[in-house]
Chemist: 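Okay, here's the structure, questions in a sec.
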Amino acid sequence: MNQNILLGATMASLMLATACSEPAAPPADTALTGADAPDGTETATAEAVQPEAPRLTELSDVLAGDWREADAARDADRHPAETLEFFGIDPSGTIIEIWPGSGWYTDILAPWIAANDGQYVAAHFPLSAESASRRSSRASFEDHVSDRAIFGNVRIVDFGQNSQALVEPGSADAVLTFRNVHNWMMFGYAERAFDDFYAALRPGGVLGVVDHRLPSTREQDPQARTGYVQQAYVIAMAEEAGFELVGTSEINANPADTADHPFGVWTLPPVRRSASGGEEVAADFDRAGYDAIGESDRMTLLFRKPAADDVAPASEDDGG
């Protein structure tokens, strides 16, 4: 009996020693890394856990892009998804944005269009502009869109008072402009701008316009020095150039905006002008009140260049 006890104790000791001397295999779902990993395992595991790259073919993924982080807060005021949907933009086409400024809409349009094999064209201030600030704006924009991994192959052309054709006539699918008509009125070439847009578009192509809206009950300054323009005034200019009005939208409307502010539309966000250049802010200036209004009341207009078969042929003069 003592021999049986001794034999049992010896077997138990051997089993314990064996268990302590052999490391346990890792669980099946635990990755081996570093020196413990077989050749290629570490790389394969790292690749396997990488998050899936966003599909920039989808507008929602572009709007969530980290390169937009600083500007995305304004989506609530500018409604880019709803605006582009209203305009019916096909990102696989050739889309021209007129005077994109620092690139707020470019950060949306260029990646989306590039991912869908379209062509984004930025019609910016001319390189030969007399204004140093405009030349600087153009240079900053070119630097901004230089990352092809995000923006694709952005084509930049000149647009100004004396610029040439935007693109090959009849080659663009859409022309878009945001908050700019008042600028062209101020410098005296708004009518010519609409003519240029019409020439650039193919038959059936669309023009999307957003701008600060002046109430119809107020007198229109031909130079729009407050930054506000009557909706009917813009429609008349577009129709004079040959466009047909497809529709209007209140996507960017703001009923709280009276369009009657001491420094024009620039009194409101995002510019928030509180005094004339070089002057101190008046003690009774209500900055908080203007901020509470938010961004301006804006018209959102969709026009179409008539398709070729929509244009009536010229009648022959029968001499009668």
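Not measured: the values here are computed from a predicted model.
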Chemist: Relative to each other, are the rings of Phe125 and Trp99 parallel, tilted or perpendicular (30° and 60° limits)?
Modeler: perpendicular
Chemist: Report the residues that fulfil salt bridge (Lys or Arg N to Asp or Glu O under 4.0 Å) with Glu240, sequence neighbours left out, ordered by chain and then residue number.
Modeler: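 Counting only residues at least two positions away or on another chain, Glu240 forms no salt bridge (Lys or Arg N to Asp or Glu O under 4.0 Å).
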Chemist: So, taking the atom named CD in Glu239 and the one named CD1 in Ile235, what distance separates them when rounded to the nearest 0.5 Å?
Modeler: 6.5 Å
Chemist: Are any of the side-chain nitrogens in Arg213 or Asp297 under 4.0 Å away from the carboxylate oxygens of its partner?
Modeler: yes
Chemist: Is Arg272 positioned over the aromatic face of Trp266, cation under 6.0 angstrom from the ring centre and no more than 45 degrees off axis?
Modeler: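 Judged by the rule, Arg272 and Trp266 form no cation-pi pair.
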Chemist: Using the rule given for side chain to side chain donor-acceptor pair (under 3.5 Å), can you reason through Ser140 versus Asp143, listing the C-alpha separation, both sets of side-chain angles and the distance that settles it, and then say yes or no?
Modeler: CA-CA 5 Å; Ser140 296; Asp143 182 66; over 6 Å; no
Chemist: Could you check whether the rings of His261 and Tyr290 sit parallel, tilted or perpendicular, using 30° and 60° as the cut-offs?
Modeler: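 Because their plane-to-plane angle is over 60°, the rings of His261 and Tyr290 count as perpendicular.
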Chemist: Excluding sequence neighbours, so at least two apart, what forms ring-ring contact (aromatic ring centres under 6.0 Å, His included) with His144?
Modeler: Phe151
Chemist: Is Arg179 paired with Glu295 through a side-chain N to carboxylate O contact shorter than 4.0 Å?
Modeler: yes
Chemist: Measuring only between side-chain heavy atoms, which start at C-beta, is Val210 closer than 4.5 Å to Phe87?
Modeler: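 Sidechains of Phe87 and Val210: in contact.
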Chemist: Can you name the closest pair of heavy atoms from Arg68 and Val62 and give their distance?
Modeler: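 Residues Arg68 and Val62, closest heavy atoms: CD-O, 3.6 Å.
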Chemist: Is Glu85 atom CD crowded by more than 12 heavy atoms from other residues, nucleotides or ligands, each under 6.0 Å away?
Modeler: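 12 or below, so no.
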Chemist: For the residue pair Tyr198 and Lys305, what are the closest heavy atoms and their distance?
Modeler: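 Smallest heavy-atom distance, with atoms named: O-NZ, 2.9 Å.
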Chemist: State whether Arg298 and Asp257 are salt-bridged, where the test is any N-O pair (Lys NZ or Arg NE/NH1/NH2 against Asp/Glu carboxylate O) under 4.0 Å.
Modeler: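 Result for this pair is no, no salt bridge flagged.
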Chemist: Identify the heavy atoms of Ser296 and His212 that sit nearest to each other, and give their distance.
Modeler: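 For Ser296 versus His212, the nearest heavy atoms are OG-ND1, 2.7 Å.
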Chemist: Where do Val181 and Asp211 come nearest, in terms of heavy atoms and distance?
Modeler: N-OD2, 3.0 Å
Chemist: Please say which of Thr83, Leu84, Ile113, Asp71 ends up in a side-chain contact (heavy atoms from CB on, under 4.5 Å) with Ile108.
Modeler: Leu84
Chemist: Between Tyr105 and Glu97, do the side chains contain an N or O donor and an N or O acceptor separated by less than 3.5 Å?
Modeler: no
Chemist: Measure up the Phe197 and Phe159 rings against each other and bin them: parallel (under 30°), tilted (30 to 60°), perpendicular (over 60°).
Modeler: tilted
Chemist: Who passes side-chain contact (heavy atoms from CB on, under 4.5 Å) against Ala190, sequence neighbours left out?
Modeler: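 For Ala190 the side-chain contact (heavy atoms from CB on, under 4.5 Å) partners, ignoring immediate neighbours, are Trp184, Met185, Met237.
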